[in-house]
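The structure under discussion appears below in the form of structure tokens.
Computed from a predicted structure; not experimentally measured. The chains referred to below are lettered A, B, ... by the order of the sequence lines, with proteins before strands, and numbering in each begins at 1. We use all heavy atoms of the structure for the numbers below, so side chains are in, but hydrogens, waters and symmetry mates are not.
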There are 2 protein chains.
Amino acid sequence: MKRGLSQTCYVFFSVISNPTRLAILEGLLGQPMNVSQMIERLKQNQSMISHNLRPLLRCGFIKVERRGKERIYSLNGDTVEHLFKIVENHSRKYCPTMGVCPQRRTK
Amino acid sequence: MKRGLSQTCYVFFSVISNPTRLAILEGLLGQPMNVSQMIERLKQNQSMISHNLRPLLRCGFIKVERRGKERIYSLNGDTVEHLFKIVENHSRKYCPTMGVCPQRRTK
DNA sequence: TAAATATATGAGAAATTTTTCATATCATGA
DNA sequence: TCATGATATGAAAAATTTCTCATATATTTA
């Protein structure tokens, strides 16, 4: 089931609809980091982090730069900031209980 | 693994990272619709549509109004418009091949 | 060049999500 | 109130995604 804009959005959103990847992005919002720092910060094993960096990279959410044996990851542009802002607004306005929203929502 | 903002974002994004739900939202961008119209438009069975409407409703992406036996669904606010705009910008700028992005992305 | 450190990768197991199928509910009109 | 049309729901099967474990690669330093 592939359809124009929806299709692009699907690739885009499926990359960021994952707790580990979101936590990585949230971390990078503060400052660039290497993998070891992410491991420490997220308390996840190295493989986990590494596997999750890949889709973020592939879809241009982040970029990477080599420094010695380390790799420094950082956010690519301000897509992530914008996104997070939208989520905040939306959840404040329409879903204040943050994911534990009421069943129905009628006008 | 639950963490603050990431957690909210996770609920939010997992609701919209699905082709059927995105197509529903894309459709509603044009005009409100009842379920039968969605079935026709998306060429999906009724159960499929109905199951997918629920999370959209629960997280406030859409709202519903009853009219006789029908239910008219429409977008709630302009979260969806904003989101789609961000995706368009991002993919144009960082991922022009739309999901078939190059493996790596180094500065 | 061998060892050590940092990170990536592949494959299978585990977990989650989606889809289908059968059935339930609810409003309307005969 | 019965039949019909519109939509919702629950449970199990099917598909997809995530996670883990073992191993590979690349860079630096001794």
Side-chain angles (χ1 to χ4, degrees), chain A residues 1-3 6-7 10-25 27-28 32-59 62-74 99 102-106, chain B residues 1-3 6-7 10-25 27-28 32-59 62-74 99 102-106:
Chain A
M1 193 193 305
K2 311 273 151 177
R3 341 180 187 57
S6 297
Q7 165 59 8
Y10 177 53
V11 174
F12 184 96
F13 291 127
S14 41
V15 169
I16 55 182
S17 73
N18 168 290
T20 303
R21 297 199 281 276
L22 282 167
I24 289 175
L25 293 176
L28 293 180
M33 277 195 267
N34 65 29
V35 177
S36 308
Q37 292 172 304
M38 298 185 201
I39 292 171
E40 160 119 4
R41 186 187 164 106
L42 308 193
K43 308 274 185 270
Q44 296 283 317
N45 68 61
Q46 186 269 313
S47 181
M48 173 91 271
I49 300 288
S50 199
H51 275 300
N52 278 289
L53 282 168
R54 193 156 45 167
L56 290 173
L57 211 48
R58 174 170 47 82
C59 284
I62 60 180
K63 57 188 184 313
V64 62
E65 213 175 335
R66 184 173 260 141
R67 198 177 65 194
K69 337 181 203 184
E70 300 167 32
R71 280 158 200 237
I72 315 290
Y73 286 89
S74 57
Q103 274 300 95
R104 288 304 170 107
R105 183 166 301 273
T106 315
Chain B
M1 192 193 305
K2 310 274 151 178
R3 340 181 187 58
S6 297
Q7 164 58 7
Y10 176 52
V11 174
F12 183 97
F13 290 127
S14 41
V15 170
I16 54 180
S17 74
N18 169 291
T20 303
R21 296 199 283 276
L22 282 167
I24 290 175
L25 292 176
L28 294 180
M33 277 193 268
N34 65 28
V35 178
S36 308
Q37 292 172 304
M38 298 185 201
I39 292 170
E40 159 120 4
R41 186 188 165 105
L42 307 194
K43 309 277 186 266
Q44 295 282 316
N45 68 59
Q46 185 269 314
S47 180
M48 173 89 273
I49 300 287
S50 198
H51 275 301
N52 279 289
L53 283 167
R54 192 155 44 167
L56 290 173
L57 211 49
R58 173 170 47 83
C59 284
I62 60 180
K63 55 190 187 311
V64 61
E65 213 177 335
R66 185 174 260 142
R67 198 179 62 192
K69 335 179 201 182
E70 301 166 33
R71 280 156 200 239
I72 315 288
Y73 286 89
S74 57
Q103 274 300 96
R104 288 302 170 108
R105 184 165 302 270
T106 316

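Out of D:dA8, C:dA8, C:dT18, the shortest distance to the side chain of B:Gln46 is found at D:dA8. Closest to the B:Asn52 side chain, of the nucleotides C:dT19, D:dA8, C:dA6, is C:dT19. The side chain of B:Met48 has C:dT20 as its nearest neighbour among C:dA6, C:dT20, C:dA8. Closest contact between the side chain of A:Asn18 and the listed nucleotides C:dT7, C:dT18, D:dT18 involves D:dT18. In the set C:dT7, D:dT7, D:dT17, C:dT7 carries the atom at the smallest distance from any side-chain atom of A:Asn34. Nearest nucleotide to the side chain of A:Lys69, out of C:dT7, D:dT27, D:dA8: D:dT27.
Annotation: side chain of A:Leu22 is in contact with side chain of B:Phe13 (closest heavy-atom distance under 4.5 Å). In this structure, the side chains of B:Met38 and B:Leu53 come closer than 4.5 Å at one or more pairs of heavy atoms.
Remark: side-chain polar atoms of B:Glu40 are not paired, donor with acceptor, to backbone N or O of B:Gln37 under 3.5 angstrom. Under the 3.5 Å distance criterion, the side-chain polar atoms of B:Arg21 are matched with a main-chain donor or acceptor of B:Val15. Side chain of A:Arg67 to backbone of A:Ile72: no donor-acceptor contact under 3.5 angstrom is found.
The shortest distance between the side-chain N/O atoms of A:Tyr73 and the OP1/OP2 oxygens of C:dA8 is below 4.0 Å. Between C:dA8 and A:Arg54, no contact under 4.0 Å exists linking OP1 or OP2 to a side-chain N or O.
Residue-to-nucleotide contacts include no donor-acceptor pair under 3.5 Å from the side chain of B:Ser47 to the base of D:dT7.
Map B:Arg67 and B:Ser14 each onto its nearest nucleotide of DNA chain C; the residue landing nearer the 5' end is B:Ser14.
Here C:dT23 presents its P atom at 16 Å from CG of B:Asn45, a figure rounded to the nearest Å. Note: CD (B:Gln44) to C1' (C:dC21) measures 15 Å, nearest angstrom. One interatomic measurement links the two molecules: CD1 of A:Ile24 to P of D:dT18, which rounds to 12 Å at whole-angstrom precision. Atom CZ of B:Arg66 and atom P of C:dT25 are 14 Å apart (whole Å). Residue B:Glu70 contributes atom CD, which lies 14 Å from atom P of C:dA27 at whole-angstrom precision. For the pair A:His51 NE2 and C:dG12 P, the computed distance is 13 Å after rounding to whole Å. For B:Met38 and D:dT7, the CE to P distance is 9 Å, given to the nearest whole Å. Atom CD of A:Glu65 and atom P of D:dT27 are 15 Å apart (whole Å).
Within 4.0 Å of B:Ser50, counting heavy atoms only, lies at least one base atom of the nucleic acid.
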